[in-house]
Q: 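Pasting in a structure now, in structure tokens, and then I'll have a few things to ask.
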Amino acid sequence: MARLSDGLFNDMDVLGVIGYVLEQTRFIFLVPILKRLVNLCQVISVLLFIDAAYMAIVVAIVKLRGRTPEKVLKWESFKNDDIELAPSSNHPMVLIQIPIYNEKEVCQLSIGAVCKLSWPLDRMIIQVLDDSTEEESQKLVRLECKKWESEGITIKSEVRGGRDGFKAGALTAGMKHSYVDEYKCEFVVIFDADFQPEPDFLERTIPFLVHNPEIALVQAGWKYGNADECCMTRIQEMSLNYHFAVEQKSGSSILGFFGFNGTAGVWRIEALNKAGGWKDRTIVEDMDLAVRAYLRGSKFVYVDDVKVKNELPSSFQAYRYQQHRWSCGPANLFKKIAMEIIKNQNVSLWKKAYLIYNFFFLRKIVVHIFTFVFYCLLLPATVIFPEIEVPKWTTIYIPATITILNAIATPKSFYLILYWILFENVMAMHRSKGTLIGLLETSRVKEWVVTQKLGESNTLRQNLISPHYSFPERLRWREIMVGMYLFICGYYDFVFGRTYLYVYLFLQSIAFFVVGVGYIGMSVPSNH
């Protein structure tokens with residue numbers, strides 16, 4: 001009996017020692033570290049708020065004062081020559097490039113829309129840069145080009161031997177064809193394979209370049225043919241509308257700089273060449289070119305009343321690949337171009353600071369990592385560590401203000417604001433991963449997966465409505481693990497906490513679970 005008691009006490013002593021060690025570890029290491037991280041996140045939160053408020057104020061002032069690009073810059077329409085008659089010397093020579101890679105669902109739509117542009121036939125050349133490896137896609141491109149060529153359009157289907165340099169390589173190869181110089185092309189327009197410009201696109205954008213020699217790029221806005229297809233596309237529309245209406249417009253209005261969106265834009269060929277042309281050192285060749293051109297003194301203009309129809313990713317997989325490219329690429333470009341910006345002698349110190357701090361550091365790197373780390377990791381952990389207090393202005397007031405600023409850009413979807421918050425937090429995990437891959441230059445840093453587009457294919461859309469994948473194939477374990485962590489923290493707060501943070505934690509965990517089991521991005525008929 002004595003031996004049994006001695007063993008029991010020994011076990012209790014061991015448990016006591018373990019408990020003591022854990023308690024000391026908590027107070028000496030975990031709590032101080034978490035406090036410092038939370039304090040850092042509070043500072044970052046304020047910096048992001050200041051940046052968002054700055055952009056919103058700029059846009060509000062521009063709108064109130066009616067400072068449209070047409071009023072600020074010189075803009076005159078071309079003489080009303082009969083565009084069906086040639087020649088028409090009043091119009092400059094324009095090269096239009098359509099890069100395509102296995103996009104048979106949408107290539108005909110884009111080629112057809114471009115061929116219908118209102119511009120003298122002898123003053124434009126259309127290049128279809130077809131890097132497709134699928135025979136069906138190649139055949140459709142050839143047939144579409146022959147169709148429009150027979151109607152008098154100067155259209156050329158250019159096929160490379162490989163896919164070196166991805167999109168940047170295709171655009172560069174297109175510019176090297178002898179006829180580009182022979183026709184003395186002054187401007188080049190880029191449309192991705194799913195973009196369908198209105199007939200007056202050139203008539204509304206080219207005059208900015210003709211009458212303002214300091215302008216190197218005219219960027220048009222986007223509109224979406226399938227925005228109402230499902231909740232995920234509606235959320236994408238909200239984010240992209242904010243990007244154009246606030247980020248692009250504020251940059252254009254104050255500094256004449258913003259990141260080129262890679263499509264629906266017109267470049268002055270002379271400025272493009274002086275900046276070094278297209279480079280394939282990253283997967284964001286468009287942003288790379290924009291930064292280099294800006295460092296040479298060029299200015300850009302965003303024309304928000306010219307919008308080009310395109311398609312949003314309908315499947316989560318396609319959207320995830322797109323977001324990887326949009327987060328990994330800028331981070332990798334920042335790593336490679338930061339010293340070029342610092343050493344540049346052509347722009348002011350203020351413009352250098354804007355590029356490094358606002359454009360790259362805050363908006364392309366910090367925001368993704370902060371959103372995931374703070375709202376999905378640190379904030380949930382504070383319920384287990386009551387010693388750490390997070391002020392309401394960090395958890396409620398600042399994020400609420402930034403969220404409202406985002407939602408205002410798409411008033412019709414304001415009621416989806418809660419879904420937008422939860423889904424953006426889930427996507428912050430993928431964007432954070434992409435950002436770190438770009439900074440560290442790991443194996444996926446040059447991964448380029450063309451975003452799947454469906455066009456008018458009812459068969460593909462039906463596959464999304466009724467997924468044919470089995471349940472195990474749809475599981476995404478990273479999202480499920482984060483969802484479990486959030487749920488556990490929420491349950492702990494519900495049982496032992498003194499706040500209502502568990503409401504957010506439960507909702508956010510559900511969002512991660514929904515994505516984790518693959519029930520996101522499936523199309524739903526618009527009438528539903």
Side-chain angles (χ1 to χ4, degrees), residues 18-19 21-23 25-42 44-45 48 232 235 316-317 319-320 323-324 327 366-392 394-396 398-399 403 418-437 440 471-521:
I18 294 174
V21 171
L22 291 176
E23 194 69 17
T25 302
R26 172 191 176 96
F27 284 107
I28 296 174
F29 295 104
L30 295 180
V31 171
I33 291 173
L34 284 174
K35 278 186 177 180
R36 285 180 175 83
L37 289 174
V38 169
N39 290 338
L40 176 62
C41 286
Q42 290 177 26
I44 294 173
S45 181
L48 290 172
M232 192 184 78
I235 291 171
F316 182 74
Q317 183 182 33
Y319 183 54
R320 185 161 54 87
Q323 293 303 298
H324 168 80
S327 56
V366 169
V367 65
H368 304 315
I369 298 174
F370 163 78
T371 301
F372 177 64
V373 170
F374 182 64
Y375 292 109
C376 299
L377 298 181
L378 288 181
L379 187 59
T382 60
V383 304
I384 304 174
F385 297 89
E387 303 91 339
I388 303 173
E389 294 185 6
V390 184
K392 288 184 178 179
T394 307
T395 58
I396 299 176
I398 285 181
T403 300
L418 178 60
Y419 296 98
W420 181 84
I421 294 170
L422 299 175
F423 184 69
E424 283 294 291
N425 286 346
V426 174
M427 290 309 302
M429 181 179 74
H430 295 283
R431 293 172 184 141
S432 297
K433 181 183 175 184
T435 300
L436 293 175
I437 288 173
L440 301 176
F471 183 76
E473 290 177 310
R474 295 202 304 266
L475 293 180
R476 301 182 180 93
W477 290 106
R478 292 188 185 92
E479 287 86 346
I480 292 174
M481 294 300 292
V482 176
M484 290 177 63
Y485 166 73
L486 289 165
F487 182 83
I488 291 170
C489 292
Y491 181 77
Y492 184 92
D493 188 52
F494 178 75
V495 176
F496 303 107
R498 292 171 293 178
T499 68
Y500 292 96
L501 190 58
Y502 62 84
V503 176
Y504 158 72
L505 295 176
F506 283 147
L507 289 173
Q508 190 63 71
S509 67
I510 291 172
F512 271 95
F513 285 138
V514 169
V515 175
V517 297
Y519 285 102
I520 185 69

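Throughout, numbering of the chain's residues begins at 1 and tracks the sequence.
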Q: Report yes if some heavy atom in the side chain of Glu389 is under 4.5 Å from a heavy atom in the side chain of Thr382; otherwise report no.
A: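 Answer no - side chains too far apart.
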Q: Measure the CD1-OG1 distance between Ile421 and Thr403 for me, rounded to the nearest 0.5 Å.
A: 4.0 Å
Q: Would you check if there is a donor-acceptor pair between the side chains of Glu479 and His430 at a distance under 3.5 Å?
A: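 Checked: His430/Glu479 side chains pair up, N/O donor to acceptor below 3.5 Å.
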Q: State, with a plain yes or no, whether a side-chain heavy atom of Cys376 is found less than 4.5 Å away from one of Met429.
A: no
Q: Please work out whether the ring planes of Tyr502 and Phe494 are parallel, tilted or perpendicular, with thresholds of 30° and 60°.
A: perpendicular
Q: Are Phe487 and Phe512 an aromatic pair, judged by ring center distance below 6.0 Å?
A: no
Q: Given 3.5 Å as the limit, does a donor-acceptor pair link the side chain of Ser45 with the main chain of Cys41, or not?
A: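 No, the answer is negative, given that no donor and acceptor are paired below the 3.5 Å cut-off.
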Q: Using side-chain heavy atoms (C-beta onward) and a distance below 4.5 Å, is Val482 in contact with Leu486?
A: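 The answer is yes; the side chains approach within 4.5 Å.
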Q: Determine yes or no for a side-chain-to-main-chain donor-acceptor pair under 3.5 angstrom, with Tyr485 supplying the side chain and Leu377 the backbone.
A: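 At least one qualifying donor-acceptor pair exists.
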Q: With no hydrogens and no angle check, is any side-chain donor or acceptor of Asp493 less than 3.5 Å from a backbone partner on Cys489?
A: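 Between the backbone of Cys489 and the side chain of Asp493 there is no qualifying donor-acceptor contact (under 3.5 Å).
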Q: Could you give the distance from CD (Gln42) to OG1 (Thr395), rounded to the nearest 0.5 Å?
A: 9.5 Å
Q: Should Met427 and Phe372 count as side-chain neighbours, where that means a heavy-atom distance under 4.5 Å?
A: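 With C-beta onward as the side chain, the pair stays apart.
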Q: Is any side-chain heavy atom of Val367 less than 4.5 Å from a side-chain heavy atom of Thr371?
A: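 Heavy-atom side-chain distance check passes, below 4.5 Å.
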Q: Apply side chain to side chain contact (heavy atoms under 4.5 Å, CB included) to the pair Thr394 and Phe374, showing each step before the final yes or no.
A: CA-CA 10 Å; Thr394 307; Phe374 182 64; 3.6 Å; yes
Q: One pair to check against side chain to side chain contact (heavy atoms under 4.5 Å, CB included): Phe496 and Ile384. What are the steps and the verdict?
A: CA-CA 9 Å; Phe496 303 107; Ile384 304 174; over 6 Å; no
Q: Drop me the distance from Ile369's CD1 to Leu436's CG, to the nearest 0.5 angstrom.
A: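 Result: 4.5 Å between the selected atoms.
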Q: Ring centres under 6.0 Å, that's the criterion: do Tyr419 and Phe423 meet it?
A: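 Between Tyr419 and Phe423, the centre distance exceeds or equals 6.0 Å.
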Q: Hey, what do you get for CG (Leu379) to CG (Leu505), rounding to the nearest 0.5 Å?
A: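 Here the rounded value is 6.5 Å.
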Q: Within the distance-only criterion (no hydrogens, no angle test), does the side chain of Tyr492 pair as donor or acceptor with the backbone N or O of Ala381 below 3.5 angstrom?
A: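 Not a single qualifying donor-acceptor pair exists.
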Q: Between Val390 and Leu501, is there a side-chain heavy-atom distance shorter than 4.5 Å?
A: no
Q: From Ile388 CD1 over to Leu37 CG, what is the distance, rounded to the nearest 0.5 angstrom?
A: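 One gets 9.0 Å once the value is rounded to the nearest 0.5 Å.
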Q: Distance from Leu422 atom CG to Tyr504 atom OH, nearest 0.5 Å?
A: 7.5 Å
